[in-house]
Each structure stands twice: as C-alpha cells, then as structure tokens.
Protein chains: 2
Amino acid sequence: MALTPTGKLERDGEERAFLARYKAGDYARPAVAVDLVVLTVVDAELRVLLIKRDEHPFKGKWALPGGFVRVGDGQKDQGEDLDAAATRELEEETGLDRKWVYLEQLYTFGRAHRDPRMRVITVAYFALVRPDLVPMVRAGGDAAMADWFLMRNLGKVSLAFDHEEIVRAALRRVAGKLEYSDVAFSLVPLTFTVPELRAVHEIVTGEKQDPGNFRRRFNRMLESGVIEKAPGKRITASKPATVYRFGRSR
Amino acid sequence: MALTPTGKLERDGEERAFLARYKAGDYARPAVAVDLVVLTVVDAELRVLLIKRDEHPFKGKWALPGGFVRVGDGQKDQGEDLDAAATRELEEETGLDRKWVYLEQLYTFGRAHRDPRMRVITVAYFALVRPDLVPMVRAGGDAAMADWFLMRNLGKVSLAFDHEEIVRAALRRVAGKLEYSDVAFSLVPLTFTVPELRAVHEIVTGEKQDPGNFRRRFNRMLESGVIEKAPGKRITASKPATVYRFGRSR
DNA sequence: CCAATAGTGTCTTTTAGACAATATACG
DNA sequence: CGTATATTGTCTAAAAGACACTATTGG
C-alpha cells in the first residue's frame, strides 16, 4: 500500500477500489413505487383523482395514480430521484406540468402484504391542482380510465391496496397545512375572491368559517403583501366580490 | 370460465389464479434502508447518536444508525413492516426498548447516488430518548463505535452519505412539533421541573424562552391535567423547583 | 445578608370567535 | 324594491410577549 502524505487521499483511493470491486449482494429487495394523491376543489367539492386498474391485482378497482421508481442497474446509473419519479408520474398520468402543481412528499407506506404480488413500499406524494387546470387533465396512456372522485364518497368505493388510508393521510396533512401555510392558494385559480378562498378552507377542513373573521385573516395577508388586489370584480348571485392574486414577492 | 352468481367471487378467483401464476419481473430494485436520528438532551446540550462506519463506503466516517429493511422473498413471506424495521434497528443499535422511546417516521430520502455502491432509498425515522435512559445505551454488535455528538458541532464532522441533511430535517421537525405537541416530554426524565422543560425548548429551538411566559403555558397544561404535581423538590443552585410528572390520563 | 432563580403579577398586543350592522350588487 | 352576500364593525376571550416584582433557597 503506497504511502501518501495525508492518509485521506489513501482512504479515498481505498474506497474507490472497494467500489470498483463491489458486487451488490442478491439479498431480496422490495419494489418501490410512488403514488400520488391528486386533489382539487371544483364546484365546491373536494375531489381526488383515481384510476381504474385494468390488471391484477385489484383489477377493476380504483387506485391512486402511481408507478414504480426507475432504478438504474449499477453504480453509474442509479435511475431517477424520488421527486423526479413523482413528477414524472404526475405528468404521465395527468398531463399536468409540475410547474403548475403543488407537490409534496406525504409519507411512506410499507406494510408487508399491502400488495399481494410482492413486497412493495410506496412513497406517497400529494398534489394540489387548481380548478382551472382540471380540464387540461387527460388520463395517461397506461390508465384504462381516470376519474375525479368526490372525497365525501370515498367510504363507498373500496380502493385498491391501502390507498384509502393514503388518501385520508393526505387529507389530514392538507387540512393541517391550511392553518399555517399558503397551500390553499394551490386550490384556487390565479385570481380569486375572499369567499372563494374561504370556500376552499371550509371544504377541505369540513368546517364552516365565519365570513367576517375569515376576512380579517385575509386582510392580514393583504397587509403583509402575500396577496394583492387584482383588476376586475367577480360577478356572483349577489354583491360582486373583489378579485385578488398572490403578491409579486412569491 | 365458470358462471358465478355475483361476478365478484369470480373476480376473486381470477385474482387468486393470477397471483399463483405471478412471477416477479427481474426489474432493477433499490435497496431500502431505515435510518434513525436518535436525539437526546443531556446537560443542557442537544445530542445525536452517531456510529462510526467500519466498512466502505465512508469507512471511518460517522453515520446514522440504521440498516436494510428485511424483505421476504415471496408472496407469502414479505418480511417486516417499516415501523418494525425502525424499532428493530433502534433496539439492535442502542439496546433501548421501543416502549420508552418516541419514534416517528420523518421523511424518505432517495436521491440517486446518495450511496455510491448502489441505489439506496432510506426511510428516515427520528427517536427521542429521555436523558435518564442515555446511560443504558450500548452500541450494537455491528457498530464499531457509537457516540453522542453535540448537535452544535455537526457542521464540523462531515457525516457519511446525506446523513447531515437527514439530521437537520429531524431537528426542524422536532422544533416544529414542540410548539403544538407533547414531544418535549420525551426529552426529560419521568419527573421534571418547569425550568427543565423550558431548557429543552430553548435547546431544541435555539431560542430563549421568557421564564414567566413559559410558566403560564405550563400552568395551562397543569389545569388541563396533562401534567400533575409529583412529590419532592428539585435541589438547584438557588431556590428549589417543584417537581411534576405527566398526568395519569396519558 | 446576598446572589440566583423559581414563581407571580401586570400591561400590551395579537388573534380567534361570536355576532350585529352596513353596503351593493342582481333579479 | 328585496334578497343575498360581501364587507365592516364591535365586543369578548384566549394567548403571546415584554418586563417588573416577590419568594425562597443555598452559600
């Protein structure tokens, strides 16, 4: 073994040699998937995008869009990042550009036997889609059929795998984030009114919001510059509402 | 194909047949690990448990305790749940019983090339250990060496893999949870004083807490029964402090 | 007695919540 | 005009933050 001035270089060389020699053991490995809980609010209803399975297992049942993470087959090619896999699935299965959608890792579900075929660990993500983008959604090629299900009907559907549990976890997370973050903005069009934003809160949390009190919270966001007035008014059944948009700073 | 009265039974039979015939494709699969960010607060310092690697890659560097998830090799044997893997690693690498430790899934890290050997996706968990349990911790058999590192020295250490990123994510999560949850109780002994609990908050969040205001928050927990008075006083350098413990309801 | 810190009290500001009152459309 | 609802206003209560004050110990 050659003498080196630092010892560190030597260690690096040693590690390089180790890696060159390294052969992955043939231990059993799980399949790893990403599944997406794609949510939107249209016509005052919270909906989740589901895809009808056309293959076993759970053939004919509704399931979350998703797929296996692409893993390369060596040290050089290790495949795609998890976020990239989620983004790819989103774009493949909905045609929606990542850029217009809020996407966040939710939780990893890996119970044994959650998939009867084999051990599958799924990294679940949730995506929030603005209602004006919903018409752009087209089911991807590998989906026999896609549909936006009413969240309040979830109990009646019997989803594939543990996907109902995943959907409920996503809902809890989104409802929680409404309180302290800006996620609600990902569920309204680029311009919106106070009542529209309030409706999103009510629909996601399932609880009525006092219009006056909600307006006060909204005003604080206005003052802080998160939101700014937009031109125009929204015509409604009664008094028209002022239209707002997110501030430039965002 | 036999006629069946419901069609559902038929579908189940079909699926059973599918599963019996099913052969897992030999697609590349990632290795899946669980890594643990084990945190404690001793002597007014936040510390994280690290283990010195005695194998390549990153031989000689410090890393989070963890290991590969045990995956069975078929439909029947699918191995252990993720939480079980985390619990097992905790017990193996620290000797601590799951029962006495707060354990929660943190986030899943799966960047390509985060491990130079092969594609490894790690489901990170964090664990909170009461200071009085720290002396019980003994490094597991497969660890050459374990040590509790000062969190504030993390920048100087250069951890293996992306483990520094994981530790920082855990810290953010714990600091966030202090605000609205009971996790702080997992970082003090079974009985504790108000200043001790306050110190945990200050150490984890890195921000001073006003003693008076903190005491008021504490009093609210007292009234709600989350906490109750315990016998004895804690002798300090000055005026002794009253000792409390968690309420029976917990 | 004195230094240190546990524990209390006070005052201000912010935020939430309940709810009344007003304003302004559309039909 | 009248109904609906956006918007403003008022009042109360809870909670946070700043900070002064008191109490009780060990040294």
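This structure is a prediction, so every number in the text was calculated from the model and none was measured. Just so it is clear: chains get the letters A, B, ... in the order the sequence lines come, proteins before strands, and each one is counted from 1. Heavy atoms only: backbone and side chains are in, while hydrogens, waters and symmetry mates are out.
To the nearest angstrom, P of C/dA6 lies 12 Å from CZ of B/R234. Rounded to a whole Å, the CD atom of A/Q209 is 17 Å from the C1' atom of D/dT5. Distance B/N219 CG to C/dG7 C1': 9 Å, rounded to the nearest Å. Nucleotide D/dT10 holds its P atom 16 Å from the CZ atom of A/R215, rounded to whole Å. Nucleotide D/dT24 holds its P atom 9 Å from the NZ atom of B/K233, rounded to whole Å. The distance between atom CD of A/E223 and atom C1' of D/dT8, rounded to the nearest whole Å, is 14 Å. Nucleotide C/dG7 holds its P atom 11 Å from the CD atom of B/E196, rounded to whole Å. One can place CZ of B/F192 at 16 Å from C1' of C/dA6, the figure rounded to the nearest angstrom.
In this structure A/F192 satisfies the ring pair (Phe, Tyr, Trp, His ring centres under 6.0 Å) test together with A/F185, A/F246, sequence neighbours excluded. Taking B/K229 as the reference, B/T242, B/Y244 meet the side chain to side chain contact (heavy atoms under 4.5 Å, CB included) condition, with sequence neighbours excluded. A search for salt bridge (Lys or Arg N to Asp or Glu O under 4.0 Å) contacts involving B/E45 returns B/R152, not counting sequence neighbours.
Two residues, B/G212 and A/V194, neighbour DNA chain D, and the one matched to the more 5' nucleotide by heavy-atom proximity is A/V194.
Within the structure, the side-chain hydrogen bond (donor to acceptor under 3.5 Å, both in side chains) test picks out the following pairs touching residues 189-200 of chain A (sequence neighbours left out): A/E196-A/R234.
Looking at A/N213, its side chain comes within 3.5 Å of the base of C/dA18 through a donor and an acceptor atom.
Of the possible polar contacts, one joining the B/R98 side chain to the B/V101 backbone as a donor-acceptor pair under 3.5 Å is found. With hydrogens and angles disregarded, a donor-acceptor distance shorter than 3.5 Å links the side chain of A/R114 to the backbone of A/V120.
Atom CG in B/L64 sits 9.0 Å away from atom CD1 in B/I51 (nearest 0.5 Å). Taking CH2 of A/W62 as the start and CE of A/M145 as the end, the distance is 4.0 Å to the nearest 0.5 Å.
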Could you go over nucleotides 11-15 of chain D and give all protein N or O partners under 3.5 Å, atom names and distances?
none

For nucleotides 1-5 of chain C, print each protein N/O atom paired with a nucleotide N/O atom at under 3.5 Å, atom names and distance only.
| unit_1 | atom_1 | unit_2 | atom_2 | d |
| --- | --- | --- | --- | --- |
| C/dT5 | O4' | B/S238 | OG | 2.4 |

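Here the side chains of A/L106 and A/Y125 are not in contact, with every heavy-atom distance at 4.5 Å or above.
Across all strands, A/T193 comes closer than 4.0 Å to no nucleic acid atom at all (heavy-atom distances).
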